[in-house]
Amino acid sequence: MEYRQLGHNDLEVSALGLGTEYLSHQSTETINEVLHLAVDAGINYIDLLWDDPELWSNFIPAFEQNRNRFTVAAHWGGDFNQLDRCQQYFDGILTRLCNNYADIGLVTMIDTEVKWKGCAQEALAHLQHYKKRGQIGMIGASSHYVQLARKMVDSGLIDVLMYPINMFRDADDENKSLFQACEDQGVGLVAMKPYAGGSIFIKTPPISPVQCIHYVLSQPVSTTVIGVKNVEELRAATYYWEASEEEKNFKVVLENIQHYLVGDCVYCNHCLPCPENINIGLMIHVADTYQYFPKDEIRAEYEAFAVKASACIACGECMERCPFNVDVIARMRQVVEYLEVVDK
């Protein structure tokens, strides 16, 4: 196992971290196998989502045996519009950690400007109190969107950023600037979704977990968190340290990545500038999050834009520039349908 420094802190974390999201519905036996393999492989970074009773009932027995081996990132989240509920979830995790302490308190999924300016600021202020009381060591935040992630880093309010890094996002030039900002400001960069939520195995030709991990670890990250359902999936990831250079080579996939992503917007903004000053990448991102977040929140986010998608004149300039052949005009119509047409 390789170990890397977590931002400006002296803490060293394993380059491969363990995510627990997919362990929620697994048996105690499966969770035991995963945790014991993680320990044997030298994994010392573990990412814990909000207080999930189904996970904890099977997770705690195995975790207690190895508590001192892990650097723990505990998420603040679950019900973003209810601060008391979030605090209850977070306190629940700390209580179950045996020593009422997490190395990182991490505000999860800050994916809209409304959330960043609103409940995220309240959450970060609360985490400062936990830090002063010695219940957490560092404060972190996660986002799936590069512009918001950059605002978090530049704010000086976080020590750790959790952000999706995978080959599908390689074309996004803003990522390089974000990664450099993390280095310059001493913010630890934790990579999530190295497999792009599993879609990378579907859209690309045969590609291995080892190749995905090698790409991510070639970036200036402290660790990459792998979400697994069983010990076989974790073993496929830990094989990385036994793999040959040929097995790790991801360049062939990367050279043809545009072909695999035809029609999919990755919010890279290569389509800009728009003659009507529409922020195209951000518009599509808002539309893509519409089904996952409260509709009122997304509409409030959209209303903040000075230029709406309905300003699109279908000139096609953006589509000529797009490296992924996205039908931008159709996506603008979709944004209008989602966010400008009043519900009946």
Side-chain angles (χ1 to χ4, degrees), residues 1-24 26-77 89-108 127-140 142 158-162 188-192 217 221-231 233-235 237-238 240-241:
M1 180 60 64
E2 175 189 351
Y3 296 89
R4 301 182 176 188
Q5 186 174 339
L6 187 61
H8 55 58
N9 299 279
D10 294 331
L11 192 64
E12 288 196 339
V13 296
S14 52
L16 187 66
L18 178 64
T20 58
E21 180 178 6
Y22 302 123
L23 292 176
S24 291
Q26 306 304 322
S27 66
T28 301
E29 180 182 6
T30 295
I31 293 173
N32 274 335
E33 290 177 342
V34 169
L35 283 180
H36 286 305
L37 175 58
V39 170
D40 291 344
I43 293 173
N44 73 355
Y45 186 93
I46 190 166
D47 183 79
L48 301 175
L49 290 174
W50 42 84
D51 194 18
D52 182 342
E54 190 170 355
L55 169 63
W56 286 108
S57 62
N58 295 325
F59 183 83
I60 281 296
F63 181 74
E64 284 181 337
Q65 302 172 26
N66 300 287
R67 172 64 185 92
N68 294 331
R69 297 175 181 265
F70 286 114
T71 295
V72 175
H75 285 246
W76 174 289
Y89 288 148
F90 192 74
D91 287 340
I93 294 178
L94 293 181
T95 299
R96 289 174 169 86
L97 288 178
C98 310
N99 59 358
N100 206 36
Y101 175 83
D103 299 274
I104 305 158
L106 194 146
V107 185
T108 192
L127 289 178
Q128 283 289 352
H129 294 305
Y130 282 88
K131 187 173 182 179
K132 289 177 181 177
R133 293 196 299 265
Q135 289 183 278
I136 62 174
M138 290 171 276
I139 294 175
S142 72
I158 64 172
D159 308 299
V160 176
L161 172 69
M162 191 175 189
L189 182 57
V190 174
M192 61 175 166
L217 294 184
V221 304
S222 297
T223 184
T224 180
V225 174
I226 308 291
V228 300
K229 298 189 297 290
N230 52 53
V231 72
E233 291 183 355
L234 182 57
R235 190 173 287 120
T238 58
Y240 175 80
W241 276 272

message: One pair to check against side-chain contact (heavy atoms from CB on, under 4.5 Å): Val72 and Arg67. What are the steps and the verdict?
response: CA-CA 9 Å; Val72 175; Arg67 172 64 185 92; 3.6 Å; yes
Kindly compute the distance separating [atom1] ([X]) from [atom2] ([Y]), expressed to the nearest 0.5 Å.
| X | Y | atom1 | atom2 | result |
| --- | --- | --- | --- | --- |
| Arg235 | Asn230 | CZ | CG | 9.5 Å |
| Arg96 | Glu64 | CZ | CD | 11.0 Å |
| Thr108 | Met162 | OG1 | CE | 7.5 Å |
| Ile104 | Thr71 | CD1 | OG1 | 7.0 Å |
| Asn32 | Leu37 | CG | CG | 12.5 Å |
| Arg69 | Ile43 | CZ | CD1 | 12.5 Å |

message: Please tell me whether Asn44 and Ser14 have a donor and an acceptor in their side chains that are separated by less than 3.5 angstrom.
response: yes
- request: Apply side-chain contact (heavy atoms from CB on, under 4.5 Å) to the pair His75 and Tyr89, showing each step before the final yes or no.
  value: CA-CA 9 Å; His75 285 246; Tyr89 288 148; over 6 Å; no
message: Checking Trp76 against Leu127 for the side-chain contact (heavy atoms from CB on, under 4.5 Å) test, could you report, in this order, the C-alpha distance in whole Å, the side-chain angles of both residues, the deciding distance, and whether it holds?
response: CA-CA 9 Å; Trp76 174 289; Leu127 289 178; 3.9 Å; yes
Give me the atom names and distance for the closest heavy-atom approach of [X] to [Y].
| X | Y | answer |
| --- | --- | --- |
| Glu2 | Trp241 | N-NE1, 3.6 Å |
| Ser222 | Gly7 | OG-N, 3.8 Å |
| Leu18 | Val228 | CD1-CG2, 3.8 Å |

message: Strictly distance-based, threshold 3.5 Å: is any side-chain N or O of Ser27 a donor or acceptor partner for the main-chain N or O of Thr30?
response: yes
message: Using only atom types and a distance under 3.5 Å, with no angle test, would you say the side chain of Thr223 pairs donor to acceptor with the backbone of Val190?
response: no
Are any non-hydrogen side-chain atoms of [X] and [Y] less than 4.5 angstrom apart?
| X | Y | value |
| --- | --- | --- |
| Gln65 | Leu35 | no |
| Met138 | Leu11 | yes |
| Ile226 | Glu233 | no |
| Tyr101 | Asp103 | yes |
| Phe70 | Leu97 | no |

query: Between Tyr130 and Phe90, how do the two ring planes meet: parallel, tilted or perpendicular, split at 30° and 60°?
result: perpendicular
- request: For Glu29, look at atom CD and say whether over 12 heavy atoms of other residues, nucleotides or ligands are found less than 6.0 Å away.
  value: no
message: Does Asn99, at its CG atom, have more than 12 non-hydrogen atoms belonging to other residues, nucleotides or ligands within less than 6.0 Å?
response: yes
message: Restricting to ring pair (Phe, Tyr, Trp, His ring centres under 6.0 Å), what partner residues turn up for Tyr45, sequence neighbours left out?
response: none
field: Residue list, side-chain contact (heavy atoms from CB on, under 4.5 Å) with Lys131, at least two apart or on another chain
entry: Gln128, Ile136, Ile139, Asp159
task: Show your reasoning for whether side-chain contact (heavy atoms from CB on, under 4.5 Å) applies to Leu217 and Arg4.
output: CA-CA 10 Å; Leu217 294 184; Arg4 301 182 176 188; 3.7 Å; yes
